[in-house]
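Please read the structure below before turning to the comments.
The basis for the numbers below is simple: all heavy atoms, side chains too, and nothing from hydrogens, waters or symmetry mates.
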Amino acid sequence: MLIKDLQIPTSDGEADGFAAFPDDGRRHPGVLMYPDGLGIRPVLREMALELAGRGYYVLVPNFLYRHGPSPVLDLPEYIGEEARPAVFAQLMPMIEAHTADRVLRDADAFLEFLTTQPEVGAGPVAVTGYCIGGLLAMRTAAAHPGQVAAVAGFHSPVTGDIQLSEITARVHLGHAETDLTPEGLAELNRALDAAGVDYTSEIYPGTIHGFTMSDTDAFDAGALQHHWDRLLALLARTL
């Protein structure tokens with residue numbers, strides 16, 4: 001596998017990021033992977049390499065690039081309960097400044113960059129994301145229905161301002177048990193049904209927010225594997 005650090009042109013400057021892809025000289029389906037709010041760090045590189053190893057070109061942008069290059073936050077190697085207040089004090093003003101308009105402008109730029117890379121094959125792409133990155137993934141899919149064939153979000157919010165009826169991609173949403181009640185899941189799934197979305201949406205039992213991230217105290221190895229099983233099956237059906 002190869003990892004290449006990149007600068008992605010956007011309407012507001014350049015976003016740093018990286019791509020992971022097979023070192024075989026062939027073209028592969030493209031996947032845009034939005035990080036969680038904590039941003040690009042070793043665990044995201046590991047996850048991108050894991051996905052690239054299954055035959056995909058994986059682009060991971062720093063969507064908080066307006067606040068500086070990665071690492072945007074001053075993070076400890078392991079993010080436990082004691083570190084969270086200081087981390088989130090840095091993070092939340094940046095998240096609040098990341099408006100829907102910025103998200104959509106960046107989505108245009110990220111998809112344009114992804115689909116024009118020489119290692120990426122022709123055809124539709126997938127978008128996946130973690131925490132707020134899952135919300136960005138869903139907004140990207142809604143804004144680019146002819147281009148995004150699959151979208152996934154893990155321990156991510158799904159807010160009412162997403163135009164679900166615009167989504168033509170197949171969707172998987174993997175929720176943390178602490179993020180969504182069974183009643184909330186039923187309400188969300190009714191909205192997806194009403195919009196005609198082809199989806200799976202489920203609570204991963206016993207999980208807390210951030211369960212895919214091995215550098216946090218939320219990590220759940222079994223749930224991470226379940227996430228891979230769901231994500232890889234989704235990509236295999238659509239790309």
Exercise. Please name the pair of heavy atoms, one in Ala141 and one in Ile167, separated by the smallest distance, quoted to 0.1 Å.
Key: C-CG1, 4.3 Å
Quiz prompt | Lys4 side chain near Leu6 side chain, heavy-atom distance below 4.5 Å | solution = yes
Quiz item: Can you check side chain to side chain contact (heavy atoms under 4.5 Å, CB included) on Met138 and Ser156, steps first, answer last?
Solution: CA-CA 10 Å; Met138 290 288 283; Ser156 57; over 6 Å; no
Quiz item: Do Leu104 and Ile162 sit in the same hydrophobic cluster, where Ile, Leu, Val, Met, Phe, Trp and Tyr count as joined when their side-chain heavy atoms come under 4.5 Å apart?
Solution: no
Practice problem: State the CZ-CG distance between Phe88 and Leu73, to the nearest 0.5 angstrom. | Solution: 9.5 Å
Quiz prompt | Distance in Å, Thr140 OG1 paired with Leu111 CG, rounded so as to fall on 0.5 Å steps | solution = 6.0 Å
Quiz item: Is a side-chain N or O of Arg27 found less than 3.5 angstrom from the main chain of Glu119, in a donor-acceptor match?
Solution: no
Quiz item: Where do Val31 and Leu235 come nearest, in terms of heavy atoms and distance?
Solution: CG2-CD1, 4.3 Å
Quiz item: Sub-3.5 Å donor-acceptor pair from the side chain of His172 to the main-chain atoms of Ala152, do we have one?
Solution: no
Quiz item: Going by the ring pair (Phe, Tyr, Trp, His ring centres under 6.0 Å) test, which pairs reach into residues 178-210, not counting sequence neighbours?
Solution: His155-His209, Tyr204-Phe211, Tyr204-His226
Quiz prompt | Pairwise salt bridge (Lys or Arg N to Asp or Glu O under 4.0 Å) hits with a residue in residues 150-177, at least two apart | solution = Arg139-Asp161, Arg170-Asp198
Self-check item: Candidates Leu64, Val72, Leu75 - the one meeting side-chain contact (heavy atoms from CB on, under 4.5 Å) with Leu91
Solution: Leu64
Practice problem: Evaluate side chain to side chain contact (heavy atoms under 4.5 Å, CB included) for Ile8 paired with Leu59, printing each intermediate quantity in order. | Solution: CA-CA 10 Å; Ile8 305 166; Leu59 176 65; 3.9 Å; yes
Quiz item: Met33 and Leu173: same hydrophobic cluster, using ILVMFWY side-chain contacts below 4.5 Å?
Solution: no
Self-check item: Validation row: Thr238, Pro29 side chains within 4.5 angstrom (heavy atoms)
Solution: no
Quiz prompt | Rounded distance (nearest 0.5 Å) linking atom CD1 of Ile208 with atom CG of Asp220 | solution = 8.5 Å
Quiz item: In terms of hydrophobic clustering (I, L, V, M, F, W, Y; side-chain heavy atoms under 4.5 Å; direct or indirect links), are Val158 and Val171 co-clustered?
Solution: yes
Quiz item: Under 4.5 Å between any side-chain heavy atoms of Met47 and Thr212, yes or no?
Solution: yes
Quiz prompt | Sequence-distant partners of Tyr57, ring pair (Phe, Tyr, Trp, His ring centres under 6.0 Å), two or more places apart | solution = Phe21
Quiz item: Is the number of heavy atoms from other residues, nucleotides or ligands within 6.0 Å of CD (Glu187) greater than 12?
Solution: no
Quiz item: How many angstroms lie between CD1 in Ile40 and CG in Asn62, if you round to the nearest 0.5 Å?
Solution: 5.0 Å
Quiz item: Do Val120 and Val60 share a hydrophobic cluster, counting only Ile, Leu, Val, Met, Phe, Trp and Tyr and linking them when any side-chain heavy atoms are less than 4.5 Å apart?
Solution: no
Practice problem: Mark yes or no for whether Ser201, through its side chain, and Asn189, through its backbone, hold a donor-acceptor pair below 3.5 Å. | Solution: no
Self-check item: Hphob cluster co-occupancy, Trp228 + Val58, side-chain heavy atoms under 4.5 angstrom
Solution: yes
Practice problem: In plain terms, say whether Arg66 and Asp12 are close enough for a salt bridge, that is, a side-chain N and a carboxylate O under 4.0 Å apart. | Solution: yes
Quiz item: How would you list, by chain and number, every residue that makes a ring pair (Phe, Tyr, Trp, His ring centres under 6.0 Å) with His144, sequence neighbours excluded?
Solution: none
Quiz item: Between CG of Leu188 and NE2 of His175, what distance do you get to the nearest 0.5 Å?
Solution: 5.0 Å
Quiz item: Between Thr10 and Asp106, what is the shortest heavy-atom contact and its length?
Solution: CB-OD1, 4.2 Å
Exercise. Would you name the heavy atoms of Pro145 and Ala143 that are closest together and state the gap between them?
Key: CD-C, 3.4 Å
Quiz item: Is the backbone N or O of Phe18 less than 3.5 Å from a side-chain atom of Arg45, with the two atoms forming a donor-acceptor pair by type?
Solution: no
Quiz item: For Gly55 and Pro22, which heavy atoms make the closest approach, and how far apart are they?
Solution: CA-CG, 4.1 Å
Exercise. Would you list the pairs meeting side-chain hydrogen bond (donor to acceptor under 3.5 Å, both in side chains) in which at least one residue belongs to residues 71-96, sequence neighbours left out?
Key: Arg84-Asp217
Practice problem: Check the pair Arg230 / Leu234 against side chain to side chain contact (heavy atoms under 4.5 Å, CB included), numbers first and verdict last. | Solution: CA-CA 6 Å; Arg230 292 299 201 199; Leu234 176 68; over 6 Å; no
Exercise. First locate atom CG of Asp215, then atom CG of Leu38, and finally report the distance between them rounded to the nearest 0.5 Å.
Key: 7.0 Å
Quiz item: How far apart are the closest heavy atoms of Pro9 and Ala109, and which atoms are they?
Solution: O-CB, 3.4 Å
Exercise. Evaluate side chain to side chain contact (heavy atoms under 4.5 Å, CB included) for Arg41 paired with Met213, printing each intermediate quantity in order.
Key: CA-CA 11 Å; Arg41 56 197 193 282; Met213 298 296 156; 3.6 Å; yes
Exercise. Decide yes or no for Pro61 and Leu32: does some side-chain heavy atom of the first lie under 4.5 Å from some side-chain heavy atom of the second?
Key: yes
Quiz prompt | Residue pairs passing the ring pair (Phe, Tyr, Trp, His ring centres under 6.0 Å) test where at least one lies in residues 100-135, sequence neighbours excluded | solution = Tyr130-Phe154, Tyr130-His227
